[in-house]
Structures are given as structure tokens and as C-alpha cells.
Amino acid sequence: MIDLKQLRDDPEAFAERLSRRGEYDLQAIVDLDQRHRDLEIRRSQLQTRSNQIGKLIGDRIQSGTSPQDPALKELRQEGTEVKATLSQLDPQERDLKTSLEQLLLTIPNLPAEDTPLGSNETANVEVRRWGDQYILEGKACLPHWEVGEKLGILDIERSVKIAQSRFITLIGAGAALERALIQFMLDQHIARGYLEVLPPLLVNSQALTATGQLPKFAEESFKCDQDDLWLAPTAEVPVTNLYRDQILTASELPIHHCAYTPCFRREAGSYGRDTRGLIRLHQFNKVELVKLVHPDSSAQEHQTLVNDAAAILEALCLPYRVLELCTGDLGFSAAKCYDLEVWLPSAANYREISSCSNFSDFQARRGNIRFKEPGQKGTQWVHTLNGSGLAVGRTMAAILEQYQREDGSIEIPEALQPYLRRSSL
RNA sequence: GGAGAGGUGGCCGAGUGGUUGAAGGCGCAGCACUGGAAAUGCUGUUUAGGGGCAACUUUAACGAGGGUUCGAAUCCCUCCCUCUCCGCCA
């Protein structure tokens, strides 16, 4: 949620910053806010009078006046009249407030001051590369799904029978490899101080609204018909919402969580893209990193988040690059975002494997997640950040290609061997 | 699914119509005591919105919504959620 006061105080500056992302109608919000406040002033003045009358009558009765005394009749009369007016203004004000809030929920986060300008992914900025020495140009390489099927470790066709396209079944060593990757990633993150959680995979509308998937992106998630429950598109949703409506103390920050969960996405609008293999599935496994931090340290926490995700790729000797997303390519809730892209030999290109975002106070406002500085008045919004650490299926894809031998067998990365208890597939 | 209990401040927990934003405790902050700390004592400590340069002021909030009343945390209705027991299932 954007900061309404910030918009009110300097609409031009606000509009300029937001326009770096794209076109949004702020005027409707400004107008609605003005109307709402005008009405609130009138309503609360009347309410004051109503409260005074109640108090006056109470005081007189306390000091001995009979409740039936005719002197009270006039006051009662006025009270009734004021209340009648109030009963008209009240719902009007509430309607304005609701409309205002609904509009506010559709406005994306402001990009950070230093987020690179640009309207689409071509303007993203490469920050660094790692592992160039592992990239073998011109290496003969089967795409991971072909190698996988040849080895009998993944089954795409039969998965369609069970569910539909974009679902996959892992078999034998494939299942074990996926499990080993999950365990390996979690162990790495836990060793770096992240507290593991295993949250519910179904989340309610309030939770999705807090992290920003609702109301605008309802078609991206699977919905349960009978209940107000959705299949979580990412662990970001349940883990961040652990803290919804909470007031933390400053000393509890930062909070670092890691979580392995399956993720469910409808991938509406991506028909025809990445139709083969492990890259784009309706259900995939992911280890997620989630942070709740003090605003003062949020930029630094963002850097370490990226490093913690990248550490997995380095431990697996998978070449990658880091992109900083431009304003036009930023996700709805993000103020700043780095993508990690892993090298996929079959495509001879980099492919997103982690997205590390700083949401500043945007999700905290929507989810009402605050903290208190001991001894100080009032509360502040926490900053939330998260990133994949990593997308497990895509990691598996990268390994099946990067570690592919000429005979089609797969070498197991050294770091993973203790988990899989074998050195090749 | 059947029966019962309950939802109050950062937390626990009192409170059944009139200065109750709400006793008490915990926690937290300040002060005193101490070489320093613990313990102890005293004092303070809800949040959100509006108006105001500010001091300040006003409104709202005791699960949610509605009703009764001049006045509701307290009475009535509806809904939601949690817990316990029974049944069923993993």
C-alpha cells in the first residue's frame, strides 16, 4: 500500500516517481481523499455534540436529577436529532473510505530512488557475472527434459494424465535429486542464520492482499471453490503473513526465515512459452528467503539476501549473472529487485532462477506489520524482503545440462553428493 | 457432523448500561538505591484517523456487522473465528 499522506503532501513528486513504472490514475485517489476528509470533519463534529449530550444527561442524573425530569427532555430531543443526521453521514463516510482503500490497493509500490529507469526488461542492468570459466561455448548438450526422460527420472506425458500440462512427475533418482537440492539449500540458509518454517500452502484472501497478489492478480493463483482459500503461489505469502497485524519490538528485528514449499501458479497469459521441461510449471518447489527488517538496514539486508541466494549457485558451481530490474520490469509490490539468472547450456542463455525483492514498507502497510522502538512513541512499518533461494526445478534443470557428460550421464555436483549418496546419474 | 465454552490494550487478565481508553499483573522506558548489576521502590507507557506551524484538540477502536438507549466492553439479533468434549478420518 502506498503512503496516502506522502501522496497528499506532494502529489507532483509522487506522480513523477510512480510514472517511472507506468501510467496510473492518482487524481481519483486525491479527489476521493479530499471528499472523505471533508465528510469526516462534519461527521466527527456532530459526534462530538452527541457525546456531549450523553455526558450532560449522565452528569445530571448522577447529581440527583430524576431520569424522568422534564428538564432533560430537551437534551434528549436534541440528541435524537443529532443521531438522525449522523445515521445518514455515517454510511456515506464509510463508503468513501472503502472506495478509497480499494483504489489504494491497486496502486503498485513506488520504485526506489536508485532503481534504474526503463520501460521493459531490455533496460535491466547487469550488475555482475560469476562462473564464466564454467561456461563451455559450443558444448553439445541435450535440453534437460530430453536428458531427464532418457534417464527415466522425470515423466512429463503421464503427468498430463494425472493433472494437465505444465505438471511433472519426478521418478527415482529425479525425485531424490529434487529432495537433495531442497535439503541442501535449507541447510545452507539455516547455517547462515535463517530460521526454517514449514507453513500452510493454502492461504486466505487477506494474506494474499497483504503481500500484493490480490486484488489485481487473482487470475494468477489457483482458487478453492468452496472456501476463501487459495493455493499459495510462493512461500512469501504464508511466511510474511505470520507477522500480519503484529507490533514487534525493534530488538526482534531483523527476522530471517527460510521455507521450502511447493508453489502453485496458473501462469495465465504465458501459453506457448516454456512449454517443455522444468522451467514453467503450475506446481514447482522453491526454497524461499523472507526477511523483516528495520528500515535503516533494509538496503544492506537486500544485498546480503542476494548474496545468500547466490551462494547456493556458487556452491553448486553453476554460472550466473545478477540483473537489477528497471522501473518498468519491477513486480507490483517491489521497490527494488535483483534477478539471479543461471546459465542454461541448451539455450546458451541465462534464465531466471531467483528474484530478490525489497518491498520497503509496502507489504507492511497492507499487512499491518509494525515495530516499536522502546522508549519512543508510536510505531513504524517494518520493511519486508524476500528472494528465492532457489527455485528447485530450475536448479535441477541447470544441473542436468551443466553437468551433462558426453554419454548423456550426469555428474552430481560435489556439494550435493553427500545428500544424494552418489556421484553420477 | 453433534454438544459446550470463549473472543478485551504489546502480552496475560478484571470488568453486566453513565467521566472505563478501560482495574491488576507482565513487559517496556525513566528515576532512585548500587562500585556495577540483580532484587526492590517510585513514575510513566494503546493504536489509528481528522483539524492545527505548534502547544493542543477531536473522532474511532473491547472478534465483525446491525439493533435498543440521550448514553453500550456491558442488553438484544446475525455472522465469523478459536478452544474443549463426542463422532468420523488421516
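Order of the sequence lines sets the chain letters (A, B, ...), proteins ahead of strands, with each chain counted from 1.
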Across the strands shown, which category fits [X] at heavy-atom distances under 4.0 angstrom: base, sugar-phosphate, nothing?
{"X": "R42(A)", "result": "nothing"}
{"X": "T249(A)", "result": "nothing"}
{"X": "L248(A)", "result": "nothing"}
{"X": "K5(A)", "result": "sugar-phosphate"}
{"X": "S50(A)", "result": "nothing"}

Does a side-chain N or O of [X] approach OP1 or OP2 of [N] to a distance below 4.0 Å, or not?
{"X": "R37(A)", "N": "U58(B)", "value": "no"}
{"X": "T48(A)", "N": "U59(B)", "value": "yes"}
{"X": "N368(A)", "N": "A48(B)", "value": "no"}
{"X": "N51(A)", "N": "U59(B)", "value": "yes"}

Is the F184(A) to Y419(A) ring centre distance short of 6.0 Å?
-> yes

Using atom [atom1] of [X] as one end and atom [atom2] of [N] as the other, report the distance to the nearest whole Å.
{"X": "D245(A)", "N": "G63(B)", "atom1": "CG", "atom2": "P", "value": "15 Å"}
{"X": "L4(A)", "N": "A48(B)", "atom1": "CG", "atom2": "C1'", "value": "13 Å"}
{"X": "R8(A)", "N": "G51(B)", "atom1": "CZ", "atom2": "P", "value": "6 Å"}
{"X": "L89(A)", "N": "G50(B)", "atom1": "CG", "atom2": "P", "value": "18 Å"}
{"X": "E40(A)", "N": "A61(B)", "atom1": "CD", "atom2": "C1'", "value": "14 Å"}
{"X": "K55(A)", "N": "U20(B)", "atom1": "NZ", "atom2": "C1'", "value": "10 Å"}
{"X": "L32(A)", "N": "G49(B)", "atom1": "CG", "atom2": "P", "value": "17 Å"}
{"X": "E93(A)", "N": "U59(B)", "atom1": "CD", "atom2": "C1'", "value": "9 Å"}

I'd like to know if the side chain of [X] pairs up with that of [Y] as donor and acceptor (distance under 3.5 Å, no hydrogens or angles considered).
{"X": "E196(A)", "Y": "Y260(A)", "value": "no"}
{"X": "S360(A)", "Y": "N109(A)", "value": "yes"}
{"X": "Y243(A)", "Y": "R370(A)", "value": "no"}
{"X": "Q34(A)", "Y": "D38(A)", "value": "yes"}
{"X": "N204(A)", "Y": "D228(A)", "value": "no"}

Nearest-nucleotide wise, let me know which of D33(A) and Q47(A) is further upstream toward the 5' end of RNA chain B.
-> D33(A)

Considering heavy-atom distances to RNA chain B, does D59(A) or R49(A) have its closest nucleotide positioned more toward the 5' end?
-> D59(A)

Determine yes or no for a side-chain-to-main-chain donor-acceptor pair under 3.5 angstrom, with R366(A) supplying the side chain and T211(A) the backbone.
-> no

Are the side chain of N124(A) and the backbone of C326(A) linked by a donor-acceptor contact shorter than 3.5 Å?
->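 Flag set: sc N124(A) to bb C326(A) pair under 3.5 Å.
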
How does protein contact run along nucleotides 7-12 of chain B, one letter per nucleotide 5' to 3', with B for base contact, S for sugar-phosphate only, - for none, heavy atoms under 4.0 Å?
-> ---S--

Scan every strand shown for a Watson-Crick or G-U wobble partner of C53(B), both distances under 3.5 Å, and answer none if you come up empty.
->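 Across all strands, not a single nucleotide pairs with C53(B).
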
Looking only at side-chain atoms of I41(A), point me to the closest of A48(B), G51(B), C70(B).
->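 The answer is G51(B).
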
Considering only side-chain heavy atoms of K83(A), which listed nucleotide, U59(B), G50(B), U69(B), is closest?
-> U69(B)

What does the list of N/O pairs under 3.5 Å between the protein and nucleotides 64-67 of chain B look like, with a distance for each?
residue: G66(B); atom: OP1; partner: R94(A); partner atom: NH1; Å: 3.3
residue: G66(B); atom: OP1; partner: R94(A); partner atom: NH2; Å: 3.4

